[in-house]
Every structure is written in structure tokens, then in C-alpha cells.
K.L.:
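Provided herewith is a single structure, encoded as C-alpha cells, for subsequent inquiry.
Every chain is numbered from 1 and lettered A, B, ... according to where its sequence line falls, protein lines coming before strand lines.
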There are 2 protein chains.
Amino acid sequence: MADLLDRGTAQEYASWFRALADPTRVQIVEYLARRDRPLPVAEIVAAVGLAQSTVSQHLKVLTEARFVLVEPVGTARHYRINARCVACFPSAADVVMGRPAPNRSMGCS
Amino acid sequence: MADLLDRGTAQEYASWFRALADPTRVQIVEYLARRDRPLPVAEIVAAVGLAQSTVSQHLKVLTEARFVLVEPVGTARHYRINARCVACFPSAADVVMGRPAPNRSMGCS
DNA sequence: ATCGGTAATCGGCGATCGACGATGAAGGCG
DNA sequence: CGCCTTCATCGTCGATCGCCGATTACCGAT
């Protein structure tokens, strides 16, 4: 008993936290969560006030972490929050803080 | 309305997430949370299996992020989870995910 | 086929990270 | 006093990060 959290799980959790380890990405995720509808990149670029390439990089990180989903719309690409992650990411915080794991694994689709 | 989360808040949240952006630190925090009593560094070193200097660095990061508290005990230093953070860190996850901020600010002591 | 608008990718920059061994500082004990 | 024990700090290394401008790729429309 009392040994460490499984390394794989720790790595998975850490990758989630790392995706939010940048203030700009925190702003983007919170923005997408609050708007709760697919938004084109241009609008996000305007909101955060950074270069388009920079925002695109951040969106790539968030997409790979499954925080964000993307759908092509004509020539554009619309990003939106991943509703599953809204539900299961805070549970990761609980696990790390020693609370019983609330059921759902972090394997969000 | 519908503009970005305040930059200062985003930076504060990001610094919390960054502190957990490493699997070893996730393991350390979860370990301290589950044991829930002050532990000497040597025990943590034994648990994670890394060099003592490396673990000390991780503990410094976690201490500066206020996830962990330290108290000197004789020649040793005992680390323990910060109970306040156990309560208020998951709320950061909620805020980022667009949920209403559950009261307490992140300014944990 | 070419043009315009949208967004991803590339290459480079300085800064930070995570790991280590070695060294240093502080306290207890003979 | 000297000597462990315990832990923090230093210096270094390669790797990664965050940002940018420039370029490329894609698609719709002319």
C-alpha cells in the first residue's frame, strides 16, 4: 500500500495539466467553454491578440490534449470545447488531490 | 461581454497547472495527499526513485505553487499537502471549463 | 487554371525545463 | 570541537517551450 500513483496515469494527468500550463491556452479554453459553440480561428486570434501562427500552435496543443475539437466548415475550421473533458478533467484534479476517482477515466474521446 | 478571462487570473491558473505538468510532481502530490501527514524528503526520494537533488527541485516547485507545505523537524524537513489547495485547486479546473467560479479564489495561503 | 481567404506548418530565436553530480549550509551528537 | 545526517543549491547538459515571420496547403469562387 501507499505506493505511488501509476506512472502511466501520472503521465496522462501531467499531459493534461501541461496543456493548460500556459495562460494563453487557459484563456482560449475558458473562452471556448463559455461561448460553447464552434468558433473560427480568426475570432480566437482577435480575442487573444497574438500572431495567427502562435494561436494555431496553441490550438494544436489543445486539440492533441483533447480539450478542444475541430470541424471543417468550408474553407475555415471551427474549434469548440470538448464537452467530455468539461466533465472529466476536473476529476483529474480530484484524483491528484487524493479524492476518490470519480468513476470516469481520463480517456476522453 | 464574452471577452477573455482576465490575464492575471489566467496566469495564476496556468502556474498551478504548470506545477503539475510533470508526471513525477503529479505522483508526489498524490502521494502526499493520500498519506496526509508530514513526510521527510528521504521517503519521497525512495518512492519516486530519482536523485535526491531532483526530488528537492520538484518539491521546491510544488512549495512555490503552494501545493505543498514544509516544516522543519530537527535536522530534517517534512513535507505535507496543503489542505487549502485540496479544496480550491479543483475549482480552477471548473472555472477553466466554463463553470461558475465556486466562491474561493485561488489565493491559497 | 487562377485568384483570395483561411489556417497549418516550417525555421529560428531566446527562455525555461528536467535530469544529474557535486558542493554547500544547518542542525544534532559524540 | 569534529562528524554525520539531511536537505538545498549550483552548474551543466540536452530537450522542450512560446513566440514570431514566412511559407505552404487547402478550398471556394471567378
K.L.:
Quick one: does B:E71's side chain get under 4.5 Å of B:R80's, heavy atoms only?
P.N.:
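Side-chain contact under 4.5 Å: yes.
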K.L.:
List the atom pairs, with distances to 0.1 Å, where a side-chain N or O of residues 46-57 of chain B and a protein N or O form a donor-acceptor pair under 3.5 Å, not counting sequence neighbours.
P.N.:
none

K.L.:
Expressed as a whole number of angstroms, how long is the span from A:I44:CD1 to C:dA8:C1'?
P.N.:
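Taking atom C1' of C:dA8 as the reference, CD1 of A:I44 is at 14 Å.
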K.L.:
Classify the nucleic acid contact of A:P72 as base, sugar-phosphate or nothing, counting any heavy atom under 4.0 Å across all strands shown.
P.N.:
nothing
K.L.:
Restricting to side-chain contact (heavy atoms from CB on, under 4.5 Å), what partner residues turn up for A:R35, sequence neighbours left out?
P.N.:
A:Y31, A:R37, A:L39, A:E43, B:A2
K.L.:
Would a hydrophobic clustering, with Ile, Leu, Val, Met, Phe, Trp and Tyr connected at side-chain separations under 4.5 Å, put B:V45 with B:V68?
P.N.:
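Both belong to a single hydrophobic cluster.
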K.L.:
Any sub-3.5 Å donor-acceptor pair from A:Q27's side-chain atoms to B:L5's backbone N or O?
P.N.:
yes
K.L.:
With heavy atoms of chain B within less than 4.0 Å as the criterion, where does contact along DNA chain D begin and end?
P.N.:
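The contacted stretch runs from D:dT5 to D:dT9.
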K.L.:
Please check: side-chain N/O of B:R25 versus main-chain N/O of A:A14, any donor-acceptor pairing under 3.5 Å?
P.N.:
no
K.L.:
I'd like to check the salt bridge (Lys or Arg N to Asp or Glu O under 4.0 Å) partners of B:R7; sequence neighbours left out, ordered by chain and number.
P.N.:
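Result, salt bridge (Lys or Arg N to Asp or Glu O under 4.0 Å) vs B:R7: none returned.
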K.L.:
Sequence neighbours left out, what pairs pass ring pair (Phe, Tyr, Trp, His ring centres under 6.0 Å) with at least one residue falling in residues 37-74 of chain A?
P.N.:
A:W16-A:F67, A:F67-A:F89
K.L.:
Scan nucleotides 15-30 of chain C nucleotide by nucleotide, 5' to 3', and note B when protein non-hydrogen atoms come under 4.0 Å of the base, S if they reach only the sugar-phosphate, - if neither.
P.N.:
---SSBBB----S---
